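Some notes on the structure that comes next.
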Amino acid sequence: MSKIQVSVPKGTRDFGPEVMRKRNYIFGVIAAVYEKFGYQPLETPSMELLSTLTGKYGEEGDKLIFKILNNGAYLSKLSPEDLASLKERGEKFLTSKISEKALRYDLTVPFARFVVQHRNDIVFPFKRYQIQPVWRADNPQRGRYREFYQCDADVVGSPSLLYEAELVQIFDEVLDTLGLPGFSIKINNRKILGGLAEVLGIEDRFASFLIGLDKLDKIGEDGVRKELTERGFEEGTIHKAFEILLDPAAAPQKLDELQAFFSGNATGSKGVEELRFIWTALESAPLRKATLELDLSLARGLDYYTGAIFEVKAHGVQMGSICGGGRYDNLTGIFGLEGVSGVGISFGADRIYDVMEELKLFPQALSRSSDLLITNFGEKEALHGLQLAQELRAAGIKTEIYPEAGKLKKQFEYATKKGIPYLLMLGENEVNTGIYGLKNQLSGEQINGNIQQIISEIKK
RNA sequence: GUGGUUGUAGCUCAGCUGGUUAGAGCACCAGAUUGUGGUUCUGGGGGUCGUCGGUUCGAACCCGAUCAUCCACCCCA
């Protein structure tokens, strides 16, 4: 045994063949639905200029960006004075001197960069989807990794609420296609929360309020009460906020109530109006399987959201949200392109994977590498097998040949381990007669027939 | 960054209050008279007990440090 440590870096994973099939299946379904709605594929580099990323994710976020060390003699570029004052000037200064690239932290900021950089070549509204890994130097724990995939779709360059409705339809179609038996799409609007903050007179501490509120799901009503109190909010403020946020009325009625609540408050009224539009739109084009929920406590951490916000939860499993999204009015502003509104969603592939595994929703056929193994009885038979394999593959049957004329027992075991359901018995007799034996591993039954009969039996 | 958990074979773990050559199950490899597997039986390979140091006649076990891991918090997907 080798003594050197063989492992992957903390928070990263290998994906073996079986896992890859399932992951590709999920990615494939998501991409196909995105395409169906007219979204175009986009990839951006794994690394961005560090200056593109810093400052976009807040103080905490900056610390979680993986920096890439400059190539070459990066230390020699530091002047003696710089070197002497490193301790006092701190990490930020050193980082700026020895690193100018970093791994992307999400797909949204690189997308914004892309849009601004190529603004003259893009047809607006620009609809794109992007399925790529992102990296965060976070401490790994359950369901949280340092390298993970995001599956984003965004449309920029239009404030139309039709897109909100469309993105909800995409949630619905993807998750229904994947076979989830039930899930809730929760909707809220930042303007409602913003309006509420205005009514309560806590605009200055809005972000802090949202962070506390967002935990409702996790720590419950009392927990949030306590949290908000600790964050310095008045008892009366919290009470008033909860009165409207946790009002149990169903959607249309609740919207009416909100409308009354926000009379005289422009921000809140706008939020209600937007929500009502989306609600009406989705009523006229009903969803396949999703339960649409108006959830006023939904806040979502990302502070660039300005309008609608979404979150999706699967039914029947203990799992956080599996999708998210929302409208952001000024994402490209940070790169100098003002007034471009965008709205986007993201599927959490890892969590969807876990949900599907738990609910056993992956198609059986995904775990099979090949449909058929052609046995090997010797060189002459194997060459004949090579020809047969081509015919079988042309008929759409995933076929492989056992590499050597080993014991039949080993050949069977190989097929069993790889989950190959059929074996083609190909010895001297078969080569001479053109009548082959097809053994079904699951049933143990064997039929004999010519190549056409074999093909139709497998495809049955 | 903060708090806790756990490190023994490829995997899951056992190893009584420190006592000779550290075990089990699964996995792996080879056989049970060479054209039919999954079962069963027999045999086999594989661990300097995370690492370094200390206490002791003697350490997988006690102490310290260090690294890694998982979980929770902050934040997030």
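Proteins come first, then strands; the chains are lettered A, B, ... in the order of their sequence lines, and each starts at number 1. Just so it is clear, the model here is predicted, and its values are computed rather than measured.
Judged as a ring-ring contact (aromatic ring centres under 6.0 Å, His included), the pairs with a partner in residues 312-334 of chain A (not counting sequence neighbours) are, in order, A/Tyr304-A/Tyr328. Applying the salt bridge (charged side-chain N to carboxylate O under 4.0 Å, His left out) rule to pairs touching residues 367-386 of chain A yields A/Arg368-A/Asp371, sequence neighbours excluded. Among residue pairs with one or both ends in residues 344-359 of chain A, those qualifying as side-chain hydrogen bond (donor to acceptor under 3.5 Å, both in side chains) are A/Arg13-A/Asp350, A/Lys22-A/Glu357, A/Arg23-A/Asp350, A/Asp152-A/Ser346, A/Tyr353-A/Glu357; sequence neighbours excluded. Pairs engaging residues 419-437 of chain A under the side-chain hydrogen bond (donor to acceptor under 3.5 Å, both in side chains) rule: A/His384-A/Tyr436 [sequence neighbours left out].
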Pair up each side-chain donor or acceptor in residues 441-449 of chain A with any protein partner under 3.5 Å, not counting sequence neighbours, and list the distances.
from     : atom 1 : to       : atom 2 : distance (Å)
A/Gln441 : OE1    : A/Thr416 : OG1    : 3.4
A/Gln441 : NE2    : A/Ile420 : O      : 3.2
A/Ser443 : OG     : A/Glu445 : N      : 3.2

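The distance from the CG atom of A/Leu298 to the CZ atom of A/Arg190 is 8.5 Å, given to the nearest 0.5 Å.
Side-chain contact check for A/Tyr34 versus A/Val174: every heavy-atom pair is 4.5 Å or farther apart. Taking the side chain as every heavy atom from C-beta outward, A/Ile65 and A/Leu103 never approach each other to under 4.5 Å.
Using atom C1' as the reference point in both B/U8 and B/U48, the two lie 12 Å apart (nearest Å). One C1' atom belongs to B/A65, the other to B/G58, and the distance between them is 23 Å to the nearest Å. Distance noted for atom P between B/U2 and B/C62: 27 Å (whole Å). Spacing between B/A68 and B/A22 at atom P, rounded to whole Å, works out to 30 Å. Using atom P as the reference point in both B/C73 and B/U17, the two lie 34 Å apart (nearest Å). For B/C71 and B/C61, the P atoms lie 27 Å apart once the distance is rounded to whole Å. Spacing between B/C29 and B/A9 at atom C1', rounded to whole Å, works out to 15 Å. When the C1' atom is used for both B/A14 and B/C57, the distance is 28 Å, rounded to whole Å.
The 5' end of RNA chain B is approached more closely, in terms of each residue's nearest nucleotide, by A/Lys409 than by the other of A/Lys409 and A/Gly437. Mapping A/Asn139 and A/Leu426 onto RNA chain B by nearest heavy atom places A/Asn139 at the nucleotide closer to the 5' end.
Between the C1' atom of B/G37 and the OH atom of A/Tyr422 lies a distance of 16 Å, rounded to the nearest Å. Protein atom CD of A/Gln130 is 16 Å distant from nucleotide atom P of B/A77, rounded to whole Å. In this structure, the CG atom of A/Asp138 is 11 Å from the C1' atom of B/G1, given to the nearest Å. Between A/Leu64 atom CG and B/A77 atom P the separation is 11 Å, expressed in whole Å. Atom pair A/Gln141:CD and B/U5:C1' shows a separation of 14 Å (rounding to whole Å applied). Between the CD atom of A/Glu445 and the C1' atom of B/G37 there is a distance of 16 Å, rounded to whole Å. What separates CD of A/Glu311 from C1' of B/C76 is a distance of 11 Å, to the nearest Å. For the pair A/Glu147 CD and B/C76 C1', the interatomic distance rounds to 17 Å; values are reported in whole Å.
Across all strands, A/Gln411 comes closer than 4.0 Å to no nucleic acid atom at all (heavy-atom distances). Residue A/Tyr149 is classed as having no contact, given no heavy-atom separation below 4.0 Å to the nucleic acid. A/Gly427 comes within 4.0 angstrom of a base, heavy atoms only. Backbone-only engagement by A/Arg351 is indicated by non-hydrogen atom pairs under 4.0 Å involving sugar-phosphate atoms exclusively. Nucleic acid contact class of A/Lys439 (heavy atoms, under 4.0 Å, all strands): base. Residue-level contact check: A/Asn429 touches the bases, meaning some heavy atom is under 4.0 Å from a base atom.
A cation-pi arrangement, defined by a distance under 6.0 Å to the six-membered ring centre and an angle within 45 degrees of its axis, is absent between A/Arg146 and A/Phe66.
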Apply the test side chain to side chain donor-acceptor pair (under 3.5 Å) to residues A/Arg327 and A/Ser341: give CA-CA distance (whole Å), side-chain angles for both, the deciding distance (0.1 Å), then the verdict. CA-CA 8 Å; A/Arg327 160 93 45 188; A/Ser341 183; 2.7 Å; yes
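Of all nucleotides listed (B/C71, B/G37, B/G35), B/G37 comes nearest to the side chain of A/Phe412. Of the candidates B/C76, B/U2, B/A30, the closest approach to any side-chain atom of A/Arg144 belongs to B/C76. Among the nucleotides B/G35, B/C75, B/A77, the one closest to any side-chain atom of A/Leu408 is B/G35. Residue A/Glu227 has its side chain nearest to B/C74 when only B/C74, B/A32, B/C76 are considered.
The side chain of A/Lys10 places no N or O atom within less than 4.0 Å of a non-bridging phosphate oxygen (OP1 or OP2) of B/A68. Under 4.0 angstrom from either OP1 or OP2 of B/C74 there lies at least one side-chain N or O belonging to A/Lys215. OP1 or OP2 of B/U34 has not a single side-chain nitrogen or oxygen of A/Lys410 nearer than 4.0 Å.
Consecutive pairing runs in RNA chain B reach the stem threshold at B:1-4 with B:70-73, B:10-13 with B:23-26, B:28-32 with B:40-44, B:50-54 with B:62-66, where a stem means at least three Watson-Crick or G-U wobble pairs with distances under 3.5 Å.
Lacking a ring centre under 5.5 Å from that of the base six-membered ring together with a plane angle below 30°, A/Phe377 does not count as stacked on B/G35.
One donor-acceptor pair, N or O on each side, does fall under 3.5 Å between the base of B/G35 and the side chain of A/Glu430. Residue side chain A/Gln446 reaches the base of B/U36 through a donor-acceptor N/O pair under 3.5 Å, judged by distance alone. Put simply, the side chain of A/Thr416 and the base of B/G38 share no donor and acceptor less than 3.5 Å apart.
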